[in-house]
J.: 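Can you read through this structure? Questions will come right after.
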Amino acid sequence: MKIRPGAPRPSRSVKSGRTLTAWALGPLHDVLDLIEFKSLSMRDALAEWRTASERPVHPGLAQWTEHAVSSYLAASERIPVPTGVPHAVSLEPVSRLWARQRGAQKPTDPEWYEEMVTDRRYAGHGIRELRVVRKGSVTDHPRDEAEIAMAVGVLAGGLPVLSSRWEKNHLRLGSSEEPRLVRLVEIGCADASCRLLFEGTPEQAYACYDSGVEARIDRMIAGGSYRPGKSCGRCDAVATCPEVPSRPGLLGISGSDVPRRSWSMTTGRTYCKCPARAHLEDLFLPRESAVEDSEAVVRGKAVHEWIENRHRRTPPQPCEPDDTPGSAEAWQGEGWALTGPQVRLGVQMIGDHALVCPLRDGPDDAEVHPERPVVVYDPDADVVVIAKTDLLYRVGDRWTLRETKTVKTPSKEDLLAEYPQLALAVLLADAEALPGGGSCAVELERLTGSGPVVTDLEAAAPDVIAHARGVLKKYVAPWHTDTRFPTKAGEACKDCPFTRWCPDAVRRTDT
Ligand SMILES: [Zn+2]
């Protein structure tokens, strides 16, 4: 859908509220436009943007934007001077997009298509330069040769776009002279880093566009399989997607003035800690390295991963009690730093799992999906729900969703309240939201210091379903109606990866 802007798409209800900007790079481009096309200083541009911005911007995004603008300008100063150009001259910003039309003679031919570059564009002295903005750093951004080839191909042979890119018809292109040199630069806004990805003549640019790139573009045009996940929250077609079942009323809430979003249990938990943090996560702002996990948390993750890898074997095989990492070194080989008592407890838990492994008595045709996301759309709430399940398996025509928890001592508390992802699992089972529909059991496997405990949640019982609904509502309802995502500074700041962008954050060094 994204590469066919003119294709018919399902109509979407128009939201009236003045909702927060949902595209993190939008404000950065707005401010850079003011600097480049209205010749404002950085200070004046930021001041004008703050007062004239069409959509409200979250204070965290505003703080990131200020940082990103100054990083962009600083990095731009450090881009190496183009070959054959004296120091004193600089390139002029270009407001029009560049595009080229390819594959056939006229737009009615089926092979006909258009390639376009956005981001920041500059030209002058026979040079065309594209600067691609990254939110994080360019130092850890992988080089994508196909992306580079496509971008420099358009820089070399593209023409200015005169029409709207969203029009149903093909683009109307102006004319311009072919450049003698094209340059592709990427800029990292987190640390003002920059990298020259390509510099060369148009001939050298076209040469990057080899058969491998052609094949990748062909695959993109042909489309492929559906991969439901986090991006469904912003997809226009989710309501009619064959891979995402629609279940009105799943979340038990309806109507809101905000655009379609995705929600997972992580969103719900983060929102409870601090609404602002949930919003900044949604914007994919760069994170600072997280606070280190406790020993027990590391052990839990290590046990989870070990079991998950065993469940990924093909054909599926049940776990064996002696198939465990026996020593601290063996855990390190798997990438986990565990010591002493945590090693022993972890080994015991994995061995215990073998006793209750759901693949133990499964028939040969049992289906096993470890860590499979279950994605469902609730049109009443206009929310795409994403459940990250530990293990989804099918024996005969019956699905089972199993969550595995490692706890030193099991509690006898209300399990749905203690593990709200189970409440979500119960509602997904009730909605018959799993592939092919049909009934679904929900199980909790607890690996404890005193042995394994598997509990069937009785997901079909009406009182369990009602309780699950109540538990989930506490996590979803406040998030769903919130349009400002205020900060809850204090305790939540301790392990928050966004404190650098949060004006209210209690800094780690302050505490
Ligand atoms: Zn197993």
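Along the sequence shown, residues carry numbers from 1. Both counts, for ligands and for their atoms, begin at 1 and track the order of listing. Atoms considered below: every heavy atom in the structure, side chains included; atoms not considered: hydrogens, waters and symmetry mates.
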J.: Could you state the interatomic distance from OG (S231) to CD1 (I386), rounded to the nearest 0.5 Å?
T.: 8.0 Å
J.: Do E281 and F498 come close enough that some side-chain heavy atom pair is under 4.5 Å?
T.: yes
J.: Evaluate whether atom NZ of K135 has more than 12 neighbouring non-hydrogen atoms of other residues, nucleotides or ligands under 6.0 angstrom away.
T.: yes
J.: Do D495 and K273 sit within salt-bridge range, that is, some charged N less than 4.0 Å from a carboxylate O?
T.: yes
J.: Measure the acute angle between the ring planes of W263 and W479, then classify it against the limits of 30° and 60° as parallel, tilted or perpendicular.
T.: tilted
J.: Sorted by chain and residue number, which protein N/O/S atoms are under 2.8 Å from the Zn ion (ligand 1)?
T.: H311 NE2, C319 SG, H353 NE2, C357 SG
J.: Angle between ring planes, H58 versus H279, binned at 30° and 60°: parallel, tilted or perpendicular?
T.: tilted
